[in-house]
Number of protein chains: 2
Amino acid sequence: MQEKEVTIYDLAERLNISATTVSRGLQDHPAINIKTKKRIFDLAAEMGYRSNKFASNLRRQKTNTIGVIVPRLNSLFMSSVLSGIERSVNNAGYNLIISQSFEKESKEKTNAKTMFNNRVDALIVSLSSDTADFSHFDPFLKKNIPIIFFDRTTEAMNSTTVVIDNFKAGYLATEHLITQGCREILHITGNIDRNVYADRLKGYKKALLDHQIDFREDLFISNDLSEGAMHDALIAHVIKRKQLPDGLFVTNDSAAAFALTILKGAGLRIPEDIAVVGFNNDLISRVTEPPITTINYPGNEMGERIARILIDHLDGDGNPDLNSQIVLNTDLIIRASSIRKKTYE
Amino acid sequence: MQEKEVTIYDLAERLNISATTVSRGLQDHPAINIKTKKRIFDLAAEMGYRSNKFASNLRRQKTNTIGVIVPRLNSLFMSSVLSGIERSVNNAGYNLIISQSFEKESKEKTNAKTMFNNRVDALIVSLSSDTADFSHFDPFLKKNIPIIFFDRTTEAMNSTTVVIDNFKAGYLATEHLITQGCREILHITGNIDRNVYADRLKGYKKALLDHQIDFREDLFISNDLSEGAMHDALIAHVIKRKQLPDGLFVTNDSAAAFALTILKGAGLRIPEDIAVVGFNNDLISRVTEPPITTINYPGNEMGERIARILIDHLDGDGNPDLNSQIVLNTDLIIRASSIRKKTYE
DNA sequence: TATATTATTGCAACCGATTGTAATTTTTAA
DNA sequence: TTAAAAATTACAATCGGTTGCAATAATATA
């Protein structure tokens with residue numbers, strides 16, 4: 001039942017030419033006569049030939065595979081990025097192996113090892129929130145396998161990074177809240193060892209500074225952004241203590257949506273009591289009541305950008321200057337969760 | 001700079017034994033003396049040896065890779081399933097290649113071809129919504145490569161399928177609305193050539209029947225569940241025509257959330273005017289106002305189940321009875337979007 | 001001590017494609 | 001018509017493990 005696999009030797013035998021010629025013919029090598037190529041392709045199609053990637057990889061020491069390690073797949077942002085990467089990379093003849101770290105350094109290390117053993121030609125990484133040690137990427141560097149970090153990056157390794165301007169985004173979000181009359185703006189974000197959160201925080205602080213508002217430690221919370229964490233943060237630290245801020249800037253839309261729900265559950269009005277701004281422009285930010293003001297995060301564009309850089313590098317002559325810092329632009333998307341002043345006042 | 005790759009021949013030479021013994025030693029072959037094994041492992045670690053999967057795959061004609069094709073990654077349900085699959089499959093020493101069809105048959109076909117050429121040991125598929133032709137799976141069948149369909153399945157190929165009881169789920173959702181006093185229940189779902197939507201529709205119809213409510217064609221809409229489609233469906237067909245239903249059962253939570261937002265935007269009260277039930281128990285169903293009653297879809301469990309079946313098959317003696325139909329249980333999760341009667345009435 | 005068992009290890013072919021170099025054929029130039 | 005140049009094609013080694021079978025070493029049995 002199991003059909004025998006067709007090899008270039010089978011094709012060669014049937015065509016009375018050498019396997020070499022078949023191999024070159026299939027690769028459209030210029031040295032092969034066009035008529036011969038046609039005969040090869042025709043027979044290959046007829047016999048249902050498929051190239052054996054392992055033999056090819058083994059010989060060429062290249063896999064045409066790119067590994068991706070991300071914290072999680074389940075956000076609109078992440079799947080947009082992946083979508084962008086996949087499209088570009090596929091067109092260039094590469095495959096993707098995708099894995100999730102589930103925000104854990106240990107899983108990220110395991111994934112990296114797997115990618116390494118699978119001999120990916122390049123690695124694309126968005127770091128897990130608690131990754132502090134980067135030694136799992138050393139093997140790639142040693143073998144000159146390019147790594148690109150995006151979104152959650154690090155300066156600890158000087159690879160290429162692709163990010164948005166998180167500082168600006170944090171600034172815009174905060175300034176918007178200030179413009180809307182907020183003076184006590186709570187900022188809830190992730191592990192500030194991560195660039196994205198650190199930079200947003202810097203933007204937040206700068207906006208406060210520029211508007212003569214003092215930064216207050218008690219208006220800054222760093223947690224894992226889970227529903228439970230948001231609940232604890234808002235209920236225990238804010239609501240029960242009657243330290244009601246008048247603005248809330250949360251570092252992602254899911255967490256912002258949790259926050260919104262929790263605050264409403266506590267009887268607060270959004271945006272009248274507390275104006276809320278999220279981050280990412282995930283679907284979820286548009287279906288809450290009120291919909292959430294957020295930062296647009298151009299995932300697709302980011303993905304395509306990443307792919308292009310890698311492909312140019314891999315298909316080019318591998319020039320080693322693969323450590324540029326690419327910063328994409330972002331915008332603020334204003335929705336009802338933060339509008340407290342008429343624009344035509 | 002580029003470090004030379006260490007092979008079993010390097011190890012063999014250093015240990016003064018044959019490559020054969022090294023190979024067997026690394027595989028923990030019983031014929032190899034335990035002391036020899038230790039020497040091999042120690043040296044391997046010291047020299048930074050890594051197995052070359054291509055050479056191994058080439059020789060063994062097996063890749064230890066499992067392919068996954070899904071419509072999209074960006075739903076809590078899908079990423080739960082993948083998470084479940086990945087965990088189990090990783091433990092058993094397999095890798096995953098994941099790709100998205102973006103709900104398009106053409107992309108699904110391309111993905112399938114890629115998987116085939118990458119010689120995955122098995123394929124896991126949730127069909128794109130418009131896949132009507134299944135010939136892209138034929139090559140797998142011919143080569144006895146197992147395929148498991150989950151969620152979006154087909155009976156056109158007799159492979160193993162893993163699904164939830166969509167009929168029951170549809171029934172429960174509908175009956176719940178009826179219990180809440182709804183009599184004109186609009187059902188919006190996807191392409192009913194797909195089992196999931198067809199079965200939910202059957203459940204919907206049966207529930208109506210059991211409660212002496214006639215099925216009305218005008219209370220059934222099949223579309224692509226996008227925001228635009230929901231908008232068109234609700235605005236054009238329902239609201240403008242003043243055919244106000246009193247219940248709405250939407251086949252996934254994102255679409256239900258869109259619907260909720262659109263209806264509220266049109267001035268309708270949920271659940272007083274229209275009670276709403278979604279499907280999947282995605283995060284989004286919990287943050288709308290009101291939160292949406294939905295069907296719990298145990299993604300993780302489904303993923304682990306799929307992985308177990310495959311691994312048992314692959315690691316076992318490949319007994320060919322790989323065409324069972326597995327149906328997982330589901331529940332209704334009641335939230336405010338559908339509660340119109342006090343439970344203690 | 002001789003012989004039979006059992007435990008270890010190694011030889012050599014093989015998986016299927018790729019590629020430097022050489023050989024052959026075809027085309028062009030003299 | 002013949003030598004030189006260009007176009008095609010083929011030989012054979014190579015990539016790095018894997019595995020059937022033979023060979024050798026160690027241990028047990030008579």
Side-chain angles (χ1 to χ4, degrees), chain A residues 2-41 43-44 47-65 93 95 116-121 143, chain B residues 2-41 43-44 47-65 93 95 116-121 143:
Chain A
Q2 186 85 281
E3 282 185 21
K4 186 86 187 326
E5 202 71 48
V6 179
T7 71
I8 53 170
Y9 302 103
D10 300 325
L11 299 179
E13 195 178 346
R14 285 268 298 263
L15 292 170
N16 261 321
I17 56 179
S18 74
T20 305
T21 302
V22 175
S23 173
R24 292 214 171 95
L26 289 170
Q27 296 172 71
D28 204 24
H29 188 112
I32 305 299
N33 187 295
I34 191 158
K35 286 183 180 174
T36 311
K37 279 181 193 166
K38 179 153 178 22
R39 291 173 58 219
I40 294 171
F41 277 114
L43 184 64
M47 295 182 70
Y49 166 83
R50 60 169 173 167
S51 156
N52 185 318
K53 297 233 176 189
F54 308 118
S56 170
N57 289 342
L58 173 60
R59 183 60 227 246
R60 294 187 306 122
Q61 304 285 64
K62 186 167 189 285
T63 66
N64 267 63
T65 298
N95 293 132
F116 188 67
N117 285 333
N118 275 308
R119 285 171 160 71
V120 294
D121 291 335
K143 294 242 185 296
Chain B
Q2 186 86 277
E3 284 186 20
K4 186 87 188 327
E5 202 71 49
V6 179
T7 72
I8 53 169
Y9 302 103
D10 300 325
L11 299 179
E13 194 179 345
R14 283 271 296 263
L15 292 170
N16 260 323
I17 55 180
S18 74
T20 306
T21 301
V22 174
S23 173
R24 292 209 174 98
L26 290 170
Q27 295 173 73
D28 203 23
H29 189 112
I32 305 299
N33 187 297
I34 189 157
K35 286 183 179 171
T36 311
K37 280 182 195 166
K38 180 152 179 15
R39 290 175 58 217
I40 295 171
F41 277 114
L43 184 63
M47 296 183 70
Y49 166 83
R50 61 171 173 168
S51 158
N52 186 319
K53 297 234 176 187
F54 309 118
S56 168
N57 289 342
L58 174 60
R59 183 61 226 243
R60 292 187 307 122
Q61 303 286 64
K62 189 169 187 283
T63 66
N64 267 64
T65 297
N95 294 131
F116 188 66
N117 285 333
N118 275 309
R119 285 172 159 73
V120 294
D121 291 336
K143 294 243 186 293

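Throughout, protein chains are lettered first and strands after them, A, B, ... in sequence-line order, and every chain is numbered starting at 1.
- In the set D:dT9, D:dT18, C:dG16, the nucleotide with an atom closest to the side chain of B:Arg59 is D:dT18.
- Counting any heavy atom pair closer than 4.0 Å across all strands shown, B:Arg119 reaches no nucleic acid atom.
- Summarising the geometry of A:Gly25 relative to A:Ile32, their closest heavy-atom pair is N-CG1, 3.9 Å, with the distance given to 0.1 Å.
- Toward the 5' end of DNA chain C, the nearer of the two residues B:Arg60 and B:Ile17, judged by each one's closest nucleotide, is B:Ile17.
- Base contact: B:Ser23 has a heavy atom under 4.0 Å from a base atom.
- The residue A:Tyr9 sits close to a base: some heavy atom pair falls under 4.0 Å.
- Atom CD1 of A:Ile8 and atom C1' of D:dT14 are 13 Å apart (whole Å).
- Distance CG (B:Asp28) to P (C:dT8): 13 Å, rounded to an integer number of Å.
- Here D:dT9 is the nucleotide among D:dT9, D:dG17, C:dT9 with the atom lying nearest to any side-chain atom of A:Ala31.
- Listed candidates were D:dA12, D:dT9, D:dT18. Nearest to the side chain of A:Thr36 is D:dT9.
- Of all heavy-atom pairs between B:Tyr49 and B:Ile8, the closest is OH-CG2, 3.6 Å.
- With rounding to whole Å, A:Asn57 atom CG is found 12 Å from C:dT19 atom P.
- To the nearest angstrom, C1' of C:dA17 lies 16 Å from CG of B:Asn118.
- Closest to the side chain of B:Arg24, out of D:dG20, D:dT9, D:dT18, is D:dG20.
- Side-chain N/O atoms of A:Ser18 include none lying less than 4.0 angstrom from OP1 or OP2 on D:dT9.
- Distance, A:Lys38 NZ to D:dT8 P: 17 Å, rounded to whole Å.
- Summarising the geometry, the separation between CG on B:Leu11 and P on C:dG10 is reported as 13 Å, rounded to the nearest angstrom.
- Evaluation of atom-type donor-acceptor distances gives a pair under 3.5 Å for the side chain of A:Thr20 against the base of D:dA12.
- Of all heavy-atom pairs between A:Lys53 and B:Arg119, the closest is N-NH1, 4.4 Å.
- Counting to the nearest Å, the P atom of D:dG17 and the NE2 atom of B:His29 are 18 Å from each other.
- At the phosphate of D:dG16, OP1 or OP2 sits under 4.0 Å from a side-chain N or O atom of A:Gln61.
- Here the closest heavy-atom approach between residue B:Ile17 and residue B:Val22 is recorded as CD1-CG2, 3.8 Å.
- One atom, CE of B:Met47, and another, P of D:dG16, lie 13 Å apart when rounded to the nearest Å.
- Side-chain polar atoms of A:Asp121 and A:Thr63 form a donor-acceptor pair below 3.5 angstrom.
- The nearest heavy atom of DNA chain D to A:Asn33 and to B:Ser56 marks one nucleotide each, and the one closer to the 5' end goes with A:Asn33.
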